[in-house]
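Note that this is a predicted model, so its numbers are computed, not measured.
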Amino acid sequence: MAVRIFLIRHGETDWNRDRRFQGRTDVLLNQEGRKQARALAFALKEETLAAIYSSPLLRAMETARIIKAFHLGASLLEEKGLIEMDLGSFDGIEAHRWAELYPDFRKAWREAPSCVTMPGGESLQEVQVRALDALDRITQLYPHETTLLVCSHNFVNLTLLCHALKMSLDDLRKLKQEPAALNVLYKEGDRLWAEVLNERSHLQKHMENGGE
């Protein structure tokens, strides 16, 4: 009697490829990212989606629109609570350069990420609170046994998965959210649980079947 949620991460961007920190900067999918989104769309094309919710950032909306092409009856709605973590002054920095410039922050982030706030940005706890609030508001609009698709970002998805798996945010690195990853969650009342994590076999299957 739960609501099923396909929680996905957007496809690849040039910043993902180049290992640049990508928070609120609005970066489009690259060619590979569009291929990944199409593969995900094909994998889900036989599902019945009541609605599609997406972060307002372009990379997420573009991924969601590609999926929606197979679900003309499903509304596509922007949800600000799904926007990526505000990385503040770190947004756009290449990962290797960040590690060189901010060794003390990097150490704190690695040891206890739940206690860290991005300078001028958000903490993981703040991201988790708003993401869970968004998921609560969304799922309350639909009856049990409905399937929804939610398109978001790395840190948003990771904080939701930590909650679903009853994991501390300090253990967030034990999880992965790669581009165009699919997670399957269920929500019933206050309960949220996960059955599929970071599934990406659809990418390989799509290429084997001649997809682009």
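With rounding to the nearest 0.5 Å, the separation of CG in Leu44 from CG in Leu49 is 7.0 Å. Expressed to the nearest 0.5 Å, how far CG of Asp170 lies from SG of Cys115 amounts to 5.5 Å. Atoms CG and CG, from Leu169 and Leu158 in turn, are 9.5 Å apart once rounded to the nearest 0.5 Å. Residue Trp98 holds its CH2 atom at 4.5 Å from CZ of Phe21, rounded to the nearest 0.5 Å. Atom NE2 in His10 sits 10.0 Å away from atom CD in Gln36 (nearest 0.5 Å). Summarising the geometry, atom SG belonging to Cys162 is positioned 5.0 Å from atom CG belonging to Leu175; distances are rounded to the nearest 0.5 Å.
With hydrogens and angles left out, the side-chain atoms of Gln177 and Asn154 include no donor and acceptor closer than 3.5 Å. When only modelled atom types and interatomic distance are considered, Asn198 and Glu178 share a side-chain donor-acceptor pair under 3.5 Å. In this structure, a donor-acceptor pair under 3.5 Å is absent between the side chains of Thr13 and Asn30.
Ion pairing between a basic and an acidic side chain is recognised when a charged N comes within 4.0 Å of a carboxylate O; Glu94 and Arg20 show no such pairing. A salt bridge links Glu79 to Arg137: at least one charged side-chain nitrogen sits closer than 4.0 Å to a carboxylate oxygen. The residues Glu122 and Arg24 are annotated as salt-bridged, a charged nitrogen and a carboxylate oxygen being separated by less than 4.0 angstrom. Salt bridge status for Lys107 with Glu111: present, with a side-chain N to carboxylate O gap under 4.0 Å. For Glu100 and Arg106, the salt-bridge test fails: no basic side-chain N is under 4.0 Å from an acidic carboxylate O.
Around CG of Asp18, the count of heavy atoms belonging to other residues, nucleotides or ligands within 6.0 Å exceeds 12. For Gln31, the CD atom is loosely surrounded, since the number of other residues' heavy atoms within 6.0 Å does not exceed 12.
Put simply, the side chain of Val27 does not reach to within 4.5 Å of the side chain of Leu58, judged on heavy atoms. A 4.5 Å side-chain heavy-atom check between Ile5 and Thr139 finds at least one atom pair inside the cut-off. Between Val127 and Asp86 the shortest side-chain heavy-atom distance does not fall below 4.5 Å. In this structure, Ser55 and His153 have side chains that are in contact, with non-hydrogen atoms separated by less than 4.5 Å.
Nearest heavy atom pair, residue Ala194 against residue Leu165, reads CB-CD2, 4.2 Å. Here the closest non-hydrogen pair linking Ser123 and Met85 is C-CE, 3.7 Å. Scanning all heavy atoms of the two residues, the minimum distance from Phe6 to Arg4 falls at CZ-CZ, 3.6 Å. The heavy-atom pair separating Glu188 from Ala2 by the smallest distance is CB-CB, 3.9 Å. Among all heavy-atom pairs drawn from Tyr102 and Ile93, the shortest one is CE1-CD1, 4.1 Å. When all heavy atoms of Val3 and Pro143 are compared, the closest pair comes out as CG2-O, 3.7 Å.
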Problem - Working for side-chain contact (heavy atoms from CB on, under 4.5 Å), residues Leu185 and Val196 - result: CA-CA 7 Å; Leu185 309 183; Val196 176; over 6 Å; no
Practice task
Start with the C-alpha distance between Arg191 and Lys187, add both sets of side-chain angles, then the distance that settles side-chain contact (heavy atoms from CB on, under 4.5 Å), and finish with yes or no.
Solution key: CA-CA 6 Å; Arg191 284 188 64 214; Lys187 195 167 192 314; over 6 Å; no
Exercise for the section: Dump the intermediate steps for side-chain contact (heavy atoms from CB on, under 4.5 Å) on Leu148 and Ile52, then the final yes or no. Expected result: CA-CA 6 Å; Leu148 303 173; Ile52 298 171; over 6 Å; no
Practice task
Take Glu84 and Arg9 through the salt bridge (charged side-chain N to carboxylate O under 4.0 Å, His left out) test and state the conclusion after the steps.
Solution key: CA-CA 11 Å; Glu84 180 59 303; Arg9 186 184 178 196; 5.7 Å; no
Practice task
Go through the steps for Glu12 and Arg59 under the test salt bridge (charged side-chain N to carboxylate O under 4.0 Å, His left out), then give the verdict.
Solution key: CA-CA 8 Å; Glu12 183 187 270; Arg59 57 193 184 269; over 6 Å; no
Practice task
Determine, step by step, whether Tyr186 and Glu195 satisfy the side-chain contact (heavy atoms from CB on, under 4.5 Å) criterion, reporting the C-alpha distance in whole Å, the side-chain angles of both residues, the deciding distance to 0.1 Å, and the verdict.
Solution key: CA-CA 8 Å; Tyr186 290 86; Glu195 288 195 355; 3.5 Å; yes
Practice task
Could you give me the CA-CA distance, side-chain angles and deciding distance for Asp14 and Arg17, then say whether salt bridge (charged side-chain N to carboxylate O under 4.0 Å, His left out) is met?
Solution key: CA-CA 5 Å; Asp14 286 345; Arg17 183 197 60 205; 3.1 Å; yes
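No donor-acceptor distance shorter than 3.5 angstrom exists from the side chain of Arg200 to the backbone of Leu182, with no hydrogens or angles considered. A donor-acceptor distance shorter than 3.5 angstrom exists from the side chain of Asn183 to the backbone of Leu7, with no hydrogens or angles considered.
The only member of Asn157, Leu76, Leu82, Ile8 that meets side chain to side chain contact (heavy atoms under 4.5 Å, CB included) when paired with Cys151 is Ile8.
Aromatic ring pairs are classed by plane angle as parallel below 30°, tilted from 30° to 60° and perpendicular above 60°; the pair Phe90 and Phe105 is perpendicular.
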